[in-house]
Amino acid sequence: MQWNGILANTLTYPFLLKACSCLQMVEMIHTQIEKNGFLGDIFVPNALIDNYSRFGGLGIKAALRLFTVMEHRDVVSWNSMIGGLTKVGELREARKLFDEMPEKSIITWNTVLNGYVKAGEMEEAFQLFESMPQRNIVSWSTLVMGYSKAGDMDMARVLFDEMPVKTSVPWTIIISGYVEKGFTKEAIELYDRMERNGFKLDDGTVISILAACAESGSLAVGLKVHDSIERLKFRCSVAVCNTLVNMYAKCGSLDKAWSVFNGMSKRDVVSWNVMLQGFAMHGHGREALCVFERMKKEGFKPDRVTFIGVLCACSHAGFIDEGIQCFYAMEKDYGIVPEIEHYGCMIDLLGRGERLKEAFMLVNTMPFVPNAVIWGTLLGACRLHGATELAEKVLDHFKLDRMDPGNYSMLANIFAAAGDWDGVATVRLQMKSVGVQKPSGASSIEIDNEVHEFTVFDRSHPNFDSIYGMVHRLAQDLKRVAHPKDATLPVEVGELVI
DNA sequence: TTAGGGTTAG
C-alpha cells in the first residue's frame, strides 16, 4: 500500500493506524491490510484493535469483530480488547473476556483494575486488587488514584504509605488528590517529603499538581511548586509554563500570570489562550482583547478555544458589538466554523447585553439542536433582566433533559425572580415527582493554607455572621454604585435575602 | 497493551 509515497508493511501499519484521526481512516487501512494479506502478523491486528478502540462504541464493535475472527491471539490482543472495552465503559464485557482469558499478564489485571477505578467502582476494584496474584507499581498507583478521585483520601493515603516502591507518579497522584480536595497542608507536607526523598521534578508531576491547583484555587501549593521550579532551576517546557500561567490566572493572581507569560521565551497557541482566558474570566475584557491583538501580531493563528476566550471577554466586559464582530470574523477571516460552544458564548453575550430577542433568534436559527446549556444560558439571561414573557416562550422550547437538576433550579430561579411563587412551587413539585435532587454548588476560598467552603443554606462556618455581614455590605455598596436609586432595596445574596 | 499531564460559554 502506498501512503504518502511510503510502502506500508508490518512495521509501518501500526504507525499509520496511530495517525488515524477518525474511524473511517482505520476502516480504510483495515481494508488495505486485508487485501495485502498483512493480517497474519500479530502486530498488525493488535494495532487495529487498539486503534479501533479509540473511536467509541462503533470502533469497539469493529475491534470485537476482528478479535473474534483472529486465528491467533496473544496476550496483547486480549489486553488491547479488554482495555478498549473498559475505555468505552463496557466493564461487564471486559470482565467476561478477562475471566475467559487463558493466561493473564499483570497488565491484564491492571487494565481491568483501571476500568473499575475509572468507573468509580471502588469495591470491585479493591476486591480485584486483593485477588491479584502479583501487583506492581501500576496496580498500587491505580488503586490510590481511584480512592483519591472518589474523595477517600484516608484510604488513598493508607495504600500510598503501604506501597513497597514509589515513583514520581504515585507521589503526583496523592499530592494532586490532596490539592483537589482542599487539603493544602497535607499536600504541601507530602510535596516537601517528595523533594526530600530525592524525586526530581518532571513535566507530568508539575503539570498534574499545578492543574489540580488551578482547579481548586489552591494558590499556596501553586506557589510552592513555582518556588521549587525556580530553586531547582527546572527547565520549564512550554506546557509547564502554560500550566503555571493558567494556575495563577485561575487562582486570581493575574499579575503573576502576566509576569510568567511575559517571561516565556517560547509560546504556543495554548499560552495565548490561557492568558486571554485569564483576563476574560476576571472581567478584564480590554486586556484580554489586547492579548488577542498581540497574539495575531506575533503571527499566532487563533483557534476555536481562542475565540471562546475572546467571546467570553466581550461578554463579561459588555463589548457586545465587538463580540458580534469577532463571531463573524472567526469564520470569514480565520476559517473556524463556530461550534455550539461559540453559539453559547454569543447567546450569553447578547443575553447579558439585554438583547434577548436576538439571543432567542440565534438559538432558533443556529445550525445545532439547542442543548440544556444553551437553553440554560438564555433562561439565565431572562432571569438577569426579569424577562418573564420571553422566559415563557423559552419554556415552550424546553425540550431538555428533564433529569438535569440544574435546569429545574434555573427554571425555579426565573420564576422566583419574577415573583411567581406558584411557578416556583410547581417546579419544586415536579422535581420531587421525577426524583431530581440538585447537588448543591459550592464555592471555596483559601486563607492561610486553609480552604473554606460555602454552600447554599449552609450556616456551619464558625464566622458565618461576620462573613455574610460583610457580603451584605459589599452587595449594598455595589448596588449603590450601579443603581444609586435602588440602594434601599433588599439585596439578594445567594439564597439569602437580607 | 497497564498508573499522573495545559486551554473550552452558565
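Just so it is clear: chains get the letters A, B, ... in the order the sequence lines come, proteins before strands, and each one is counted from 1. Just the heavy atoms: all of them, side chains too, but no hydrogens, waters or symmetry mates, feed the values below.
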For a quick test of reading the model: is some side-chain N or O of [X] closer than 4.0 Å to OP1 or OP2 of [N]?
X: A:K118; N: B:dG4; answer: yes
X: A:R352; N: B:dA9; answer: no
X: A:K149; N: B:dA3; answer: no
X: A:H316; N: B:dG10; answer: yes
X: A:N114; N: B:dA3; answer: yes

Look at all strands and tell whether [X] reaches a base, only sugar-phosphate, or nothing, counting heavy atoms closer than 4.0 Å.
X: A:G83; answer: nothing
X: A:T108; answer: nothing
X: A:S176; answer: nothing
X: A:S105; answer: nothing
X: A:T172; answer: base
X: A:K250; answer: sugar-phosphate
X: A:D203; answer: base
X: A:I347; answer: nothing
X: A:D268; answer: base

Interatomic distance, [X] [atom1] vs [N] [atom2] [rounded to whole Å]:
X: A:L384; N: B:dA9; atom1: CG; atom2: P; value: 18 Å
X: A:L190; N: B:dG4; atom1: CG; atom2: P; value: 19 Å
X: A:N79; N: B:dT2; atom1: CG; atom2: C1'; value: 8 Å
X: A:M70; N: B:dT1; atom1: CE; atom2: P; value: 14 Å
X: A:N273; N: B:dA9; atom1: CG; atom2: P; value: 12 Å
X: A:L143; N: B:dA3; atom1: CG; atom2: P; value: 14 Å
X: A:R304; N: B:dA9; atom1: CZ; atom2: P; value: 11 Å
X: A:I336; N: B:dT8; atom1: CD1; atom2: C1'; value: 13 Å

Measure from the side-chain heavy atoms of [X] and tell me the nearest of [options].
X: A:T142; options: B:dT1, B:dA3, B:dG5; answer: B:dA3
X: A:N110; options: B:dT2, B:dT8, B:dT1; answer: B:dT2
X: A:V76; options: B:dA9, B:dT1, B:dG5; answer: B:dT1
X: A:T167; options: B:dT7, B:dG4, B:dA3; answer: B:dA3

query = Just one of A:F292, A:F307, A:F279, A:F261 clears the ring-ring contact (aromatic ring centres under 6.0 Å, His included) bar with A:W272, so which one?
reply =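 With A:W272 as partner, ring-ring contact (aromatic ring centres under 6.0 Å, His included) holds for just one option, A:F261.
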
Side-chain-base donor-acceptor pair under 3.5 Å for [X] and [N]:
X: A:T205; N: B:dG4; answer: yes
X: A:S141; N: B:dA3; answer: yes
X: A:D202; N: B:dG5; answer: no

inquiry  = Tell me if a side-chain donor or acceptor on A:T86 pairs with a main-chain N or O of A:G83 at a distance below 3.5 Å.
reply    =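 Yes: the side chain of A:T86 pairs with the backbone of A:G83.
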
ask   = Just by modelled atom types, is the A:K250 backbone N or O under 3.5 Å from a matching donor or acceptor in the A:H282 side chain?
value =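 Answer holds: no.
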
query = Cation-pi between A:K166 and A:F160: NZ/CZ under 6.0 Å from ring centre and within 45° of the ring axis?
reply =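 Yes, cation above the ring, under 6.0 Å and within 45°.
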
query = Hey, does the Lys NZ or Arg CZ of A:K224 hover above the aromatic six-ring of A:Y191, less than 6.0 Å from the centre and inside 45° of the axis?
reply =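 No, A:K224 does not lie over the aromatic ring of A:Y191.
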
task = Name the orientation class of the two ring planes belonging to A:Y178 and A:F183 (parallel below 30°, tilted from 30 to 60°, perpendicular beyond 60°).
result =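 Taking A:F183 first and then A:Y178, their aromatic rings stand perpendicular (interplane angle over 60°).
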
query = Between A:L223 and A:Y248, is a side-chain contact (heavy atoms from CB on, under 4.5 Å) present by the stated rule, with each step listed?
reply = CA-CA 9 Å; A:L223 282 165; A:Y248 278 128; 3.3 Å; yes

